Structures are given as C-alpha cells and as structure tokens.
Amino acid sequence: MSKFKPIPTLASGHSGIPERLQAEAKAAKERSYSLKTLPESIPRQKPLKLPPNITQETFDVAITALEKVLIKQAVELNNKPLVDGWYMEHPNTHDAYHVIEQEEMVCSAVVYPSNASEVQSIVKWANEFKIPIYPISMGRNLGYGGAAPRVPGSVVVDLGRNMNKVLNIDEENASCMVEPGVSYFKLYEEVQKTGLPLWIDTPDLGGGSVLGNAIDRGVGYTPYGDHFANHCGMEIVLPNGELLRTGMGAIPGKDGADNPTWTCFQHAFGPSIDGIFSQSNFGIVTKMGFWLMPATEYQSYMITFPREDDFEKIVDIIRPLAVKRILGNVPQLRHAIQELAVTGKPRSHWYSGPGRVTREAIREGLKELPFGNISWVFYGTQYGDQASISSQLALIKVEFGKIPGSKFYLPSDVPADHYLHSRVQVCSGVPVLKELDWLNWKPNAAHLFFSPITPTKSKDARKIHTIIEKLHQNWGFDTFPTLCVAGREMHYIANIVYNRADPDEKSRARGLMREMISAAAKEGFGEYRTHLLFADQVAETYSWNDGALRKFNETIKDALDPNGILAPGRNGIWPRSYRDQGWELIGEKAKDVTKARL
Ligand code: ADP
C-alpha cells in the first residue's frame, strides 16, 4: 500500500495528471520522496511578507478591497507553512526549488481571477494601492524560479486555477486557442478527445502551461518546437487595465465574434508587438493561439559516439544537416553522464567517492547500460512518409558515420525501459513525466538551468562547453550538458542539480551560476532564459552601446506601467520607482544573496 494519497488528476483540477499517467506519477513521487530528508514543511520563521512600503494596516484594507472586486472569494494569504511538494503538486507561493532560503522569495497573497475582466480589476486594484502583482499560469517554471515573485510580498495572480479552458480547436486551420491554465497534459487530452489527426508540441515534461511556456520562450521537440514562433494571436491585460488583442485579433470580428483570421496570421498592420510580451513584464496574457502540427509518420533514433573529443566533429556535422532542415526536429546532444542520470538511479548508485563523479565511474556505470563506453549521445526524430524518412535517415547515417565508432540505434534496438522510448513520445507530441527521473540524482534534489546560446559551430560550442565544464569543476558540481539544436544555434542547457537541504551546496550553485554568466559573457555568449534570481545579471550582459536594450525596455516599462505594479524586476526590467534602490542583484553583491535586499 502506498503511503501517498492518489495524485490529483486532470478530472479533479487543472494542474492534475492525466489518468493514463497515474501509475507513472505515483512511482515518480515515491522515488522522489524516498530521497527526501527535508520535512514536508517547517513552521514559518518569519512573519507574512508584506509588499514593499506597505504597512500591515494598508495591506489589510487592500486585501478586503481585492476580495470585493472578484466574483468568488478568491484571495488567500500566504501565511501557512510553505510546502515544496513535488512536480505534480507544486506550490504557488514560492519557488519549490529554492536556491536561497525558502522564505525569502515569497508572495504575500495569491489571487485567483476567473476571467479577463477580473484580471483587469486586479490590475486596477494594484495601481490604486501601489502593490506589485506577479502573474503565473501554472507556476511550474521549475529551474527558472517556479511561482516565486521577484519582489517578495508581491501578490501572485494565479491565472490557471479558474482560467484553464481550451477555447477552440480548429481542425481546418490546425490551431487552438487556450487560457493560461491549460497544461500540455490537458491540451493533449483535449485534442485526443476530438479524434483529429493533430499533434501538440510538448517540452520534456508535460505539466507546464502551454501559454506560460511560450511567453517564457520555452522549447519542445517536434518541428513545432519553438513555442513562441508557433503562437498566433494573444489577448493581454495591460498594466493600466486595458485589454489588447494582437495580430488579426485587433480587427473586430463580425457581430462581436473573434476575428476568424486571428489564429491564421501572426502579424497585424504596423509594428509586430507580440514579442514584447514574451519574457517581459509589460502585460498579463489571458488567451493565446497556437498552431498544431498535422499528425505524420515519424522515426526516432539515437546515435552514440565513443570519444569525448568527438564533440567538435558532431557539432560540425549537425550544422549543415540542421540548416538544410534535414534534421526533422529540435534534436538533442547529451553527454553520457545523462544516460546514467535518466535511469532514475541516484548518484550514489554510480559513485560513492569524493568530489564530482569521475570519468572512470561513468565508464564503469555505462557497463550496466546497453551501449558500452560512449561519450556523447544524439537523439533525433525524422518526420514525413516512410520514403522521405528513409532517405533522410540514409543521409544522416552517412554523415554521422564519418565519426569512427559511432553507432545508430532505433527504439526497437534498445530495452523497453530505455530513455529513447520517452523521446519517441515527446518527439511525437505526447507529454510525459519521464524526464523527472534525473532529479533523483541527489536527495532533496532541485535544479537550476544555465542556458547560453551558442552558434552551431565546433569552435564556439567547445568554448562554451569548456567554460561550463571548468566552472562546474571549480564549484564541485557534476556537469549535465544538453544541447538542443535549433538550427544555426544551439541552446546549451547545463543543468545544476543541488540538494535543497544543504545551504553550502545552494550557495555554491549560486556562485557557479554567477561565474558562468560573467565568464560566458566575456566570450560573447548570452543566456536565452534564466532563473529570476539571476535575471539582473543576465540582462546586464546584454550591454551593447551603453545598455541600449535595457534603456529601451525601461522606456516601454515606464510608459505602460508608470506605477511599476506588474512583476517588477522580471527579466531584469525594473520600473522607474525601483531602479537604483538596491533591488538589482548583480555580480559580487549577489555572492551573499541571502543578505542582499531581495
Ligand atoms: P509554466 O507553468 O508553464 O512553466 P509559469 O506559470 O511558471 O509557466 O510561467 C512562467 C513565467 O512566465 C512566470 O514566472 C511569469 O513570470 C510569466 N507568466 C506566466 N504566465 C503569464 C501570463 N499569463 N501573463 C504574463 N506573464 C506570465
């Protein structure tokens, strides 16, 4: 008998698990809790975190006023013990993967709007009381800050709980329109219910919000893997409370209907503005359209490479294949250590010595797996009819076959529990949970992503890899590189796994991040996305021409949000009233971030 209650399903709530994954989710939860030494919660050490410059008295008045603007009594104070939970039962009050003290980056309250008009009312309320609000869709942005607001004491606007409908699935246009609380799991189930031959695109894990992930410019792995590039149409509540539709949605449809071209054409007349609502704090997105992929035949595969220094050759072979669009999706290049991690077995199973897992231990560990002593693994998928898949694969095999000792595997060549089978699902738009397994690497495991962009050129890729590897060595972390190939560039995702119960490890994880950001920037590399704690430092690296980009963002911020109420500090964009007041966390100041003003 499991000691855990059944995991909430999609039938019981928007953030639940689909029935088809109930057993898998239960096993994943049990595995993660078996390595947990932290209690489920600890009594709060600090009083309720109020918004900056707001007294308890004003806060009480403001909360009463907020309750009145909502149909449902939909405000909760964040005064209960904080619970990190796990992926499927995550908090909306703080970052479950806290990399500073759990109680530092917390909200004062959470509010649950039911529609765009209530979001407008909340925004107007925030302007009246000058209280910062922080919108989340599902809050599963784990590794990048989760549901935590950048300014402690902000009121989190949890859009997902009551705004989670798939509003439309358009068969002919192969598109959909969703609200913020629609997860990949839910969208997939809804498309299945229609019986239409359409695919969604999902990231490695399926619990996140389709809308939230796209505006944070996340990626998936089918040919529609660039989520923001495959959106079409947005509805946004601006910081002054006004409602805006972008693209063709700006033309009123006939008789009050939505414009029928809203999800067909991305742009409107005049400047294309959708981009400024991604990775920003310029508006709250309440609806978003996405293109769906017509279902097709496909073939996933993996290619292994024996030597560490095959890396350069692999990258230079990938580039022309990717640029010519012979590679069908967003393929991944991973290091062999990930083959150990994705088995779900803890680090202690593979290595019990001091310091980082040694190359020798990886070699030994690989003996338990089907591929022998490998160094790199390429996971790809080809799409189309059988004839085109065969011709693409023939080309791919010839090219990678130029690397001595490389080996090509189809899913039928590997055991049923091998990770390749979960890639088959993800790369054909089926959201899964498997990717959680590597989080069992350490007890109380949490992770942070360091995500620089590198040109798909061997020299550049080697340079950033060397920086990352060396600094992981210096700070005592195993290196988990995953290179997601978009074409001319690769998202290098280095995953820092740390033990949440160990303050020293957390401090080293922060130090490692800080040093990687500045070392990479010195060589001209920048991150595509980051945990909110490091956003100021990353934003600062985009400093060309005396920080022209930052100034431009600030000009827009001040024009749209003069009271600075919407997610101050998100992506390093601070409203006027917060600038130069000690909020920015940059470089050395951040060395002891728990003492810095957050
Ligand atoms: P997911 O659960 O898909 O990972 P989150 O809800 O955590 O997504 O959102 C990721 C980040 O994007 C949040 O931290 C928040 O700052 C921003 N965000 C999410 N949803 C919205 C929205 N609807 N409007 C504006 N910003 C949003």
Side-chain angles (χ1 to χ4, degrees), residues 14-16 87-97 105 107 110-113 115-116 118-120 122-123 126 132-151 154-164 178-187 200-220 227-228 231 234-239 243-244 246 274-288 290 431 435 447 449 529-535 560-561 565-573:
H14 73 294
S15 68
Y87 182 72
M88 285 312 302
E89 292 160 282
H90 67 291
N92 60 6
T93 44
H94 67 289
D95 184 3
Y97 291 171
M105 258 181 181
C107 64
V110 186
V111 57
Y112 302 95
N115 50 44
E118 286 200 346
V119 176
Q120 291 177 280
I122 292 167
V123 166
I133 53 176
Y134 193 83
I136 59 167
S137 287
M138 309 281 294
R140 274 207 183 105
N141 206 14
L142 301 175
Y144 291 113
R150 173 62 177 83
V151 170
S154 299
V155 171
V156 161
V157 183
D158 185 335
L159 298 149
R161 185 180 289 186
N162 299 325
M163 297 170 70
N164 49 46
V178 298
E179 290 188 320
V182 174
S183 68
Y184 293 97
F185 286 142
K186 176 157 177 174
L187 182 59
I200 69 161
D201 184 280
T202 174
D204 300 283
L205 285 166
S209 150
V210 174
L211 183 159
N213 183 283
I215 55 176
D216 216 22
R217 298 206 294 269
V219 296
H227 291 162
F228 195 73
H231 93 276
M234 297 168 102
E235 182 185 270
I236 299 151
V237 173
L238 296 175
L243 194 62
L244 170 79
T246 68
D274 288 39
I276 69 164
F277 297 102
S278 71
Q279 289 199 3
S280 77
N281 47 14
F282 300 157
I284 301 181
V285 185
T286 48
K287 273 182 200 155
M288 203 159 162
F290 290 93
E435 198 76 17
H447 68 92
F449 291 122
R529 189 178 182 190
T530 198
H531 186 286
L532 80 174
L533 201 57
F534 307 97
L560 293 179
D561 186 7
I565 51 100
L566 188 58
R570 173 145 177 78
N571 280 87
I573 305 167

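When a ligand or atom number is given, it counts from 1 through the structure's own listing order. These numbers were taken from a predicted model, which means no experiment stands behind them. Side-chain atoms are counted along with the backbone in the values below, which use heavy atoms only and exclude waters and symmetry mates. Numbers here are sequence positions counted from 1.
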**Q** Write out the residue and atom name of the closest protein heavy atom to atom 3 (O) of ligand 1, then the distance separating them to 0.1 Å.
**A** Ser209 N, 2.6 Å

**Q** Determine whether Arg150 and Arg570 make a side-chain contact, defined as any pair of heavy atoms from C-beta on separated by less than 4.5 Å.
**A** no

**Q** Please determine if Ser137 has a nitrogen or oxygen closer than 3.5 Å to a nitrogen or oxygen of ligand 1.
**A** yes

**Q** Near Asn213, which atoms of ligand 1 are under 4.0 Å from a heavy atom of that residue?
**A** 3 (O)

**Q** Which of these, Val123, Val155, Asn281, sits in a side-chain contact (heavy atoms from CB on, under 4.5 Å) with Ile565?
**A** Val123

**Q** Between atom OG of Ser137 and atom CG of Asn92, what is the distance when rounded to the nearest 0.5 Å?
**A** 12.5 Å

**Q** Should Met138 be counted as touching ligand 1, given the test is an N or O pair under 3.5 Å?
**A** yes

**Q** Answer with side chain, backbone, both or neither: which part of Leu159 has a heavy atom less than 4.0 angstrom from an atom of ligand 1?
**A** side chain

**Q** Once rounded to the nearest 0.5 Å, what's the spacing between atom CG of Leu566 and atom CD1 of Ile284?
**A** 5.0 Å

**Q** At what distance is the nearest protein heavy atom to atom 21 (C) of ligand 1, and which residue and atom is it?
**A** Ile215 CD1, 3.4 Å

**Q** For atom 23 (N) of ligand 1, what's the nearest protein heavy atom and its distance?
**A** Val285 O, 2.8 Å

**Q** Between Lys186 (side chain only) and Asn164 (backbone N and O only), is there a donor and an acceptor less than 3.5 Å apart?
**A** yes

**Q** Do Ser154 side-chain atoms and Tyr134 backbone N/O form a donor-acceptor pair below 3.5 Å?
**A** no

**Q** For ligand 1, which atoms, with element, lie under 4.0 Å from some heavy atom of Gly208?
**A** 2 (O), 3 (O)

**Q** Assess the pair Tyr184 and His227: is the distance between their ring centroids shorter than 6.0 Å?
**A** yes

**Q** Give me the nearest non-hydrogen protein atom to atom 10 (C) of ligand 1 as residue plus atom name, then the distance to 0.1 Å.
**A** Asn141 ND2, 3.3 Å

**Q** Answer yes or no: is there a donor N or O on one side and an acceptor on the other, between the side chain of Arg140 and the main chain of Met88, under 3.5 Å?
**A** yes

**Q** Any idea which atoms of ligand 1 are less than 4.0 Å away from a heavy-atom of Ile284?
**A** 24 (N), 25 (C)

**Q** If only atom types and distance count, is the side chain of His90 paired as donor or acceptor with the main-chain N or O of Met138 below 3.5 Å?
**A** yes

**Q** What about Leu211: any of its N or O atoms under 3.5 Å from an N or O on ligand 1?
**A** no

**Q** Can you report which non-hydrogen protein atom sits closest to atom 13 (C) of ligand 1, along with the distance?
**A** Pro135 O, 4.1 Å

**Q** Which is closest to atom 5 (P) of ligand 1 in terms of heavy atoms, Gly145, Gly139, Ala214?
**A** Gly139

**Q** How does Val210 reach ligand 1, by side chain, by backbone, by both or by neither, if only non-hydrogen atoms under 4.0 Å count?
**A** neither

**Q** Do any nitrogen or oxygen atoms of Tyr134 lie less than 3.5 angstrom from nitrogen or oxygen atoms of ligand 1?
**A** yes

**Q** To check your reading of the model: name the closest protein heavy atom to atom 9 (O) of ligand 1, its residue, and the distance in Å.
**A** Gly212 CA, 4.2 Å

**Q** Checking Arg529 against Phe449: charged group under 6.0 Å from the ring centre and within 45 degrees of the axis?
**A** no

**Q** Starting from atom 16 (O) of ligand 1, what is the nearest protein heavy atom, named by residue and atom, and what distance separates them?
**A** Arg570 NE, 2.8 Å

**Q** Starting from atom 25 (C) of ligand 1, find the nearest protein heavy-atom neighbour and note its residue, name and distance.
**A** Gly283 O, 3.4 Å

**Q** Would you say Asp95's side chain and Tyr97's backbone share a donor-acceptor pair under 3.5 angstrom?
**A** yes

